[in-house]
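First the structure, in the form of structure tokens, and then the observations on it.
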There are 2 protein chains.
Amino acid sequence: MTLPALADIEAAARRLEGHGVKTPLLESLVLNDRVGGRVLIKPEVLQRTGSFKFRGAFNKISQIPEEKRKGGVIAYSSGNHAQGVAAAARELGLSAAIIMPSDAPRIKIENTRETLARERDATLVRPYDDPDIVAGQGTCGLELLRQAEAAGAKLDAVLVCCGGGGLIAGISTVIRAKSPNTSVYCVEPEGFDDTRRSLEAGQRVTNEPGATSICDALLSPTPGELTFEINRKTLNGGLAVSDREVRSAMAFASLILKLTVEPG
Amino acid sequence: MTLPALADIEAAARRLEGHGVKTPLLESLVLNDRVGGRVLIKPEVLQRTGSFKFRGAFNKISQIPEEKRKGGVIAYSSGNHAQGVAAAARELGLSAAIIMPSDAPRIKIENTRETLARERDATLVRPYDDPDIVAGQGTCGLELLRQAEAAGAKLDAVLVCCGGGGLIAGISTVIRAKSPNTSVYCVEPEGFDDTRRSLEAGQRVTNEPGATSICDALLSPTPGELTFEINRKTLNGGLAVSDREVRSAMAFASLILKLTVEPG
């Protein structure tokens, strides 16, 4: 697999120009005072459809060749990825089929997905293990660096939520290329800190079964193949957070930052 | 009184450069579908301290001459204006005294405010009836026009919440100068639609006593003198909304737009 480079992310940013939202970089004096330093927040919850997923989906779908466009796209997701794919496809004039899990076992849904994609001649849009998706999510990192510079901030560390690892793979590629002294850490739910543990083990490990978390958007069983290939080289480490910490952060976000954020 | 012109608002934008937040312009496909047209949202709730008030306060305070700076600033407000003034003063290195109303009658607080300002040699920062405040709030309109153009949107109408009328006076000055075919309407709580009724009467009228509204930030008794002088020339009319409509809009903002907004 080819790893996306800075140039791919810059190309994605040009494709996204005029589509979706350049999310702002927010700063709260209350939060700065509490932490004892400057904290800058990139609220991707304000992105079209409420998450960063629109970035990768748009970058992927906008590159589907003409002869494949009438087949539309297909995606498997119960959440943010589905919404991002649907909105990007609509904006680009392609049909989208989304497979939502109900009680079916994961393997059956995956098989259905592959079959449907073949039968419909549709392009499968994966949630993270795709260089175009990673490059699209990386546009968030380009914006971040530009906005942090405009705010006169030197970035000591960047913390990014992590499920399959697509967003952090894109952002950390940008950071390594353009701000090498900035640390990058993934943040995962306790019990689902597969990327943190994989970084320590030097290879992809799987979460123990039976763990629960309110962060429904981040419950991937193991790091993506492509994304871990990137993240093992770009990340400084990982953090795991408890449901209690997540709830407290959500309340702070609503009361002080005025943002309604989901747990993940 | 001199009315602020477009040039004053552009000068305010240059002063604010690098301070506060350039709030994004958001668009929700869900909202567009529901309304049957494009709705662009300028979420000033993401501005530093959670409201547009930082814009005007920063523009005012940054122009205080050197010899008056050590006297600091003084403001009368229980809410957003107080927070905007305090944050702007802090960022500019001036001391700020804020008078908060408790049970004291308004007239007593106003007298206290004037006396305190004199005694402390402080600069009084009014919430809306000041050309520098109006010019600062107008920077929101400059951003809006630039962002709407980037989004490929022709603005048919701009709706702005209205208490004393500072924000809409600034924004409508920009719209009249740069986008003359766009209508501008003030939006006020039912029973506190003094600006709407003043526009119809052709002169400043006062609200009937006894009305109540959950929009605590918009309960001014009558339009500002300076702001109405502007708004009578720039506005196309006004709308009044019920508490029920406000609650429904707040729920929509939280669920779909991911923004925690106050009633006003």
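Just so we're on the same page: letters track the sequence lines, and every chain starts at 1. Model, not experiment: these values are computed from the prediction.
Taking a 6.0 Å sphere around NZ of A/K178, one finds it holds 12 or fewer heavy atoms contributed by other residues, nucleotides or ligands. Annotation: A/K42, atom NZ; neighbour count of heavy atoms from other residues, nucleotides and ligands within 6.0 Å is above 12. The 12-atom threshold is exceeded at CZ of B/R15, counting heavy atoms of other residues, nucleotides or ligands nearer than 6.0 Å. Summarising the local packing, CD of A/E149 is surrounded by 12 or fewer heavy atoms from other residues, nucleotides or ligands at distances under 6.0 Å.
Side-chain contact check for B/T260 versus A/L259: every heavy-atom pair is 4.5 Å or farther apart.
How far CD1 of B/I41 is from CG of A/L46: 10.5 Å, rounded to the nearest 0.5 Å.
With chain B as partner, the option from A/L26, A/L25, A/T23, A/V30 having the largest number of non-hydrogen pairs under 4.5 angstrom is A/L26. By number of non-hydrogen pairs under 4.5 angstrom with chain A, the leading residue of B/Q147, B/R48, B/E262 is B/R48. Interface remark: of the candidates A/G152, A/G18, A/P24, A/P24 forms the most heavy-atom pairs closer than 4.5 Å to chain B. When each of A/D33, A/V21, A/L255 is checked for heavy-atom pairs under 4.5 Å with chain B, A/D33 comes out on top.
Both the backbone and the side chain of A/V45 come within contact range of chain B, with heavy atoms under 4.5 Å apart. Proximity to chain B (any heavy atom under 4.5 Å) is restricted, for A/L257, to the backbone atoms N, CA, C and O. When heavy atoms are compared at a cutoff of 4.5 Å, A/E27 approaches chain B by way of both its backbone and its side chain.
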B/V261 vs A/K258, side chain to side chain contact (heavy atoms under 4.5 Å, CB included): CA-CA, chis, key distance, verdict: CA-CA 7 Å; B/V261 298; A/K258 312 297 185 185; over 6 Å; no
